[in-house]
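First comes the structure, then the notes that go with it.
Heavy atoms only: backbone and side chains are in, while hydrogens, waters and symmetry mates are out. Predicted, not measured: the structure shown is a model, and the values here were computed from it.
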Amino acid sequence: MALNTRFSELECLAESHQHLAKESMQGNKPANSALQKVLSQLEELLADMKQDVSRLPGTLARVPPVAARLQMSERSILGRLAMGNQPTPTTNASAIDLPSTDGRASNTLPSQKEAIM
């Protein structure tokens, strides 16, 4: 389960059972036992989230850099970002020559190459 899904579940569980604390303080025994069960569930969710967070650095280390994923140099990426949505007369977003895996120039973006393959 994803970390954000666990957080949403935790938040929903806490909000939907917050009235139990008031009832438990007033001496309501069934509310007290229900509150204990909810608190146990919250603890389990927090423990699971803690494990998910501890795995994040390793997961992020395996994600290749943006430049490698786009198969572009950092300078090219910055140039494209600086241009924004304005195509220049010499190049536009659909006609950029990128090296392909076999050494030839290609006019498709990496995401388009993956869709073709």
Side-chain angles (χ1 to χ4, degrees):
M1 190 181 302
L3 186 59
N4 59 344
T5 306
R6 289 187 204 270
F7 180 77
S8 296
E9 188 177 337
L10 178 89
E11 187 177 39
C12 181
L13 187 63
E15 287 177 359
S16 65
H17 291 90
Q18 66 184 356
H19 67 281
L20 289 176
K22 293 176 188 171
E23 291 180 27
S24 178
M25 296 280 286
Q26 294 172 351
N28 186 338
K29 299 270 187 207
N32 191 27
S33 65
L35 180 62
Q36 293 299 321
K37 290 178 184 178
V38 169
L39 289 174
S40 296
Q41 289 176 331
L42 291 172
E43 285 179 7
E44 288 174 16
L45 279 170
L46 286 171
D48 292 342
M49 290 172 69
K50 186 176 179 180
Q51 289 175 350
D52 290 345
V53 168
S54 69
R55 288 190 298 264
L56 277 177
T59 302
L60 291 175
R62 290 190 302 268
V63 174
V66 173
R69 288 185 282 162
L70 293 176
Q71 298 176 349
M72 297 173 70
S73 69
E74 289 180 20
R75 184 170 291 205
S76 299
I77 294 170
L78 291 174
R80 294 275 305 273
L81 290 172
M83 282 189 334
N85 291 333
Q86 306 170 5
T88 61
T90 57
T91 63
N92 64 32
S94 63
I96 297 176
D97 287 337
L98 296 173
S100 66
T101 55
D102 59 2
R104 296 179 293 140
S106 171
N107 286 337
T108 58
L109 296 173
S111 61
Q112 292 172 328
K113 285 182 184 178
E114 292 172 4
I116 293 170
M117 293 179 178

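The CE atom of Met72 sits 9.5 Å away from the CG atom of Leu78 when rounded to the nearest 0.5 Å. Rounded to the nearest 0.5 angstrom, Lys37 NZ and Leu20 CG are separated by 11.5 Å. If you take CG on Leu35 and CE on Met25, they are separated by 10.5 Å, rounding to the nearest 0.5 Å. Separating the CG atom in Leu70 from the CZ atom in Arg80 is a distance of 8.5 Å, to the nearest 0.5 Å. Expressed to the nearest 0.5 Å, how far CD of Gln51 lies from CG of Leu3 amounts to 11.5 Å. Within the model, atoms CZ of Arg55 and CG of Leu60 stand 12.5 Å from one another, a figure rounded to the nearest 0.5 Å.
Using a 4.5 Å cut-off between side-chain heavy atoms of Ile, Leu, Val, Met, Phe, Trp and Tyr, with links allowed through other members, Leu81 and Val66 fall into the same hydrophobic cluster.
Residues Leu39 and Leu42 form a side-chain contact, since some pair of their non-hydrogen atoms from C-beta on lies under 4.5 Å apart. Between Asn32 and Glu23, every side-chain heavy-atom pair lies at or beyond the 4.5 Å cut-off. Side-chain contact between Asn28 and Pro30 is present, with heavy atoms from C-beta onward closer than 4.5 Å.
The number of heavy-atom neighbours closer than 6.0 Å to CD of Gln36, taken from other residues, nucleotides and ligands shown, is above 12.
When Glu15, His17, Glu11 are each tested for a side chain to side chain contact (heavy atoms under 4.5 Å, CB included) with Leu13, only one passes: His17.
With hydrogens and angles ignored, the 3.5 Å screen pairs a side-chain donor or acceptor of Ser8 with a backbone N or O of Asn4. Listed for the Arg6 side chain is no donor-acceptor partner under 3.5 Å among the backbone atoms of Leu46.
The two residues Ser24 and Ala31 make their nearest non-hydrogen contact at N-CB, 4.1 Å. The two atoms that bring Ala67 and Ile77 nearest to each other are CA-CD1, 3.7 Å, heavy atoms only.
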